[in-house]
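Worksheet: one structure, shown below.
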Amino acid sequence: MEFREQDFIRNAKPNQLPEQLVINASAPSNIALVKYWGKHGLQLPMNPSISFTLNQAQSLTTARLTALDKPVSEVLFKFYFDEKHQPDFEPKIAGFFNKIRDYAPFITAFQWEISSRNTFPHSSGIASSASGFAALAKIIIDLEKQLLPLKSDEYYNKKVSFLARLGSGSAARSVAHPVMIWGYHPNIKNTSDLYAVLPEFDIHPVFNNFRDSIVLVEKGQKKVSSTAGHNLMNNHPFKDIRKKQAFEHTLQMTKYLETGDLENFIKLTEAEALSLHALMMTSAPNYILMQPDTLKIIHQIREIRKNSGLPVCFTLDAGANVHVLYPENISKQLEEVLFSKINHEVIHDFV
Ligand code: DP6
């Protein structure tokens, strides 16, 4: 079933508020195969994107809520990461709370203490905003279930993604496993710009136990904030052609995931990663986020594929780290020919 924006608005008032509540949730990170790059309106994507869910990289979040005597106009909250108060993260969360007010008005009835930690190393270069906002969205839906008359599971599943999207676009895809599609595509059933969906088809078993090994070429903060990056698409000389390409790529990717066409999956995944960086290199201002070692590793992966035929490929985020994607049964061989020769930390994750 398709949901519209107004379906997620809830005006019902909770009868009685519990004085204290503790809600826990966890959510995984994800890596895009076809990239979301460019947005408009209220966090709506310029094009559809498709991702693998990363099961090991989770955000674990706890919210401690205290009912207020009267609802407030701005949500009162404090955010703790790894048990330390983190005021730097609070403006983005405050922005999120503001954007979701119509869909979850009950959030202003409480004072919030939010504590989060990740199962992956901090400043590892793995985007924690996707898993972080998805976990927070799950907490808000849990609260909605406790306070307001119940709705269908489908409604709640889609609303989690809808809310997560308002925190960070890619967070929309961090709510279910193993593959999610976010963004309307006329030829892919049930897709929407408002929330991500699971594909209607079964993912081919060659993608079971797929691995994403992240080579940390560069740790730490992103050089270009994702919102600033997305804005570069507004006046990008290749905007229209990129849009067309991303629609085609998303449809092709669903076909390869369904049929298990590893050869074309590899070609397309790498083409998408390079397109993303090509877009960044040709925007105004432009960014070169790859480092010499990023290119070196890309070449190594291509050499290994050429010489040994191993089905391994790379993808990239908006940064220098290389995500190495491959079926688990070639892990040992890759350790020998690739990872043991790299002078960077590698984090292994599973789809
Ligand atoms: C390159 O989801 O981080 O990782 O919506 O501004 O929070 P905001 O952006 P964000 O952008 C992710 C961009 C990307 C590609 C992708 O994940 O699809």
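In listed order, ligands and their atoms are each counted from 1.
When only interatomic distances are considered, the shortest N/O to N/O separation between Gly169 and ligand 1 falls below 3.5 Å. The N/O atoms of Ser129, backbone and side chain alike, include none that comes under 3.5 Å of an N/O atom in ligand 1. For ligand 1, one of its N or O atoms has an N or O atom of His230 under 3.5 Å away.
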(message) Under the criterion side chain to side chain contact (heavy atoms under 4.5 Å, CB included), I'd like the reasoning laid out for Leu163 against Tyr103: C-alpha separation, chi angles, the key distance, then a yes or no.
(response) CA-CA 8 Å; Leu163 293 179; Tyr103 315 107; 4.0 Å; yes
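A donor and an acceptor atom, one from each side chain of Ser116 and Thr61, are located under 3.5 Å apart. No hydrogens or angles considered: nothing links the side chains of Tyr36 and Ser51 as a donor-acceptor pair under 3.5 Å. Between the side chains of Lys39 and Thr227, a donor-acceptor pair is found at a separation under 3.5 Å.
Aromatic ring orientation, Phe89 versus Phe81: tilted (interplanar angle from 30° to 60°).
Annotation for ligand 1: atoms under 4.0 Å from non-hydrogen atoms of Leu276 are 1 (C). Less than 4.0 angstrom separates some heavy atom of Asp317 from each of these atoms of ligand 1: 4 (O). Heavy-atom proximity to Gln43, at under 4.0 Å, picks out these atoms of ligand 1: 5 (O). Set against the non-hydrogen atoms of Ser170, the atoms of ligand 1 under 4.0 Å away are 2 (O), 3 (O), 10 (P), 17 (O). Proximity to Ala32 (heavy-atom distance under 4.0 Å) selects the following atoms of ligand 1: 16 (C), 17 (O), 18 (O).
For an aromatic pair to be called close, the ring centres must be under 6.0 Å apart, and Phe210 with Phe265 satisfies this.
The side chain of Lys92, and not its backbone, has at least one atom closer than 4.0 Å to an atom of ligand 1 (non-hydrogen atoms only; side chain from C-beta on). Proximity of Asn30 to ligand 1, defined as any heavy-atom pair under 4.0 Å, is not found for any part of the residue. Contact annotation: for Ser168 versus ligand 1, heavy atoms closer than 4.0 Å belong to both the backbone and the side chain.
By the 4.0 Å N-to-carboxylate-O rule, Arg242 lies close enough to Glu272 to be salt-bridged with it. Taking the charged nitrogens against the carboxylate oxygens, Asp7 and Arg4 do have a contact shorter than 4.0 Å, which makes a salt bridge.
Glu90 places a side-chain heavy atom less than 4.5 Å from the side chain of His85.
Heavy atoms of Lys39 approach ligand 1 to within less than 4.0 angstrom.
Of the candidates Trp37, Phe133, Trp182, Tyr36, the one placing a heavy atom closest to atom 18 (O) of ligand 1 is Tyr36.
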